[in-house]
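Notes for the one structure printed next.
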Amino acid sequence: MQKAVLKLDVCCERTKQKAMSTVCCLSGVQSVDVKEGKLTVVGEIDAFMIVKKLQKICYTEIITVGPAKEPEKKPEPKPDPKPQEVICHYIPTCFPPYYHNFNGCDH
């Protein structure tokens with residue numbers, strides 16, 4: 001997909017309309033815009049062929065040709081990962097009391 005900005009030397013509204021209709025009929029053209037003597041064409045286009053067609057109507061110059069900017073997709077906001085709550089189930093173990101083994105004799 002390319003975007004071409006062309007300078008048109010149009011003297012009247014009729015010539016501007018004729019230039020727009022000529023460009024719109026070309027294959028691969030997705031959008032056409034005319035502002036202040038500049039024609040902006042977006043699509044799968046050949047800028048040289050557009051200029052060649054438009055020069056039959058009015059004086060045309062190529063200003064810029066380059067890749068068309070895709071509409072920027074905003075990254076989806078990811079939910080903040082909350083730290084998982086640690087639930088500690090501490091159950092103290094009950095050990096039986098420790099008894100020393102006595103033989104009954106303490107001598």
Side-chain angles (χ1 to χ4, degrees):
M1 177 109 69
Q2 285 188 342
K3 176 181 178 182
V5 180
L6 309 172
K7 180 182 176 186
L8 298 179
D9 188 21
V10 292
C11 56
C12 62
E13 191 67 31
R14 183 170 182 244
T15 308
K16 186 163 73 170
Q17 289 296 326
K18 196 169 182 181
M20 281 193 63
S21 66
T22 301
V23 173
C24 287
C25 293
L26 297 175
S27 64
V29 175
Q30 291 184 348
S31 69
V32 179
D33 187 30
V34 177
K35 289 183 183 174
E36 301 172 8
K38 292 182 181 179
L39 177 75
T40 305
V41 184
V42 177
E44 297 296 328
I45 55 172
D46 181 10
F48 179 73
M49 290 302 293
I50 294 174
V51 170
K52 193 174 175 182
K53 295 275 186 181
L54 288 176
Q55 281 184 340
K56 295 176 183 175
I57 300 167
C58 61
Y59 177 76
T60 309
E61 285 182 31
I62 297 176
I63 297 175
T64 60
V65 177
K69 290 184 180 179
E70 296 287 331
E72 292 184 20
K73 296 177 183 175
K74 294 183 180 179
E76 294 179 12
K78 295 181 181 177
D80 294 334
K82 294 180 182 177
Q84 294 182 351
E85 292 183 26
V86 177
I87 301 173
C88 182
H89 296 287
Y90 176 72
I91 302 173
T93 56
C94 297
F95 292 107
Y98 182 73
Y99 295 106
H100 294 284
N101 249 347
F102 293 112
N103 290 337
C105 213
D106 197 33
H107 302 283

Quiz item: Where do I57 and K18 come nearest, in terms of heavy atoms and distance?
Solution: CD1-O, 3.9 Å
Practice problem: Under the side chain to side chain contact (heavy atoms under 4.5 Å, CB included) rule, collect the residues that match up with E13, sequence neighbours excluded. | Solution: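 By the side chain to side chain contact (heavy atoms under 4.5 Å, CB included) rule, E13 matches K16, Q17.
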Quiz item: Can you name the residues that form a side chain to side chain contact (heavy atoms under 4.5 Å, CB included) with C12, not counting sequence neighbours?
Solution: R14, T15
Quiz item: Does any pair with a residue in residues 22-31 pass salt bridge (Lys or Arg N to Asp or Glu O under 4.0 Å), and if so which ones, sequence neighbours excluded?
Solution: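 Residue pairs with at least one partner in residues 22-31: there are none.
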Self-check item: Nonpolar side-chain network containing V5, other nodes, edges under 4.5 Å
Solution: I63
Self-check item: Value rounded to 0.5 Å, distance of CD in Q2 from OG1 in T64
Solution: 10.5 Å
Quiz item: Got a second to check how far L54's CG is from I62's CD1, nearest 0.5 Å?
Solution: 10.5 Å
Quiz item: Should M49 and V65 be regarded as members of a common hydrophobic cluster, given that ILVMFWY residues are connected when their side-chain heavy atoms come within less than 4.5 Å of each other, either directly or indirectly?
Solution: no
Quiz prompt | Residues that E61 engages under side-chain hydrogen bond (donor to acceptor under 3.5 Å, both in side chains), provided they are two or more places apart | solution = Y59
Result block: side-chain N/O donor-acceptor pairs under 3.5 angstrom for residues 31-47, not counting sequence neighbours:
residue : atom : partner : partner atom : Å
E44     : OE2  : M1      : N            : 2.8
D46     : OD1  : F48     : N            : 3.4

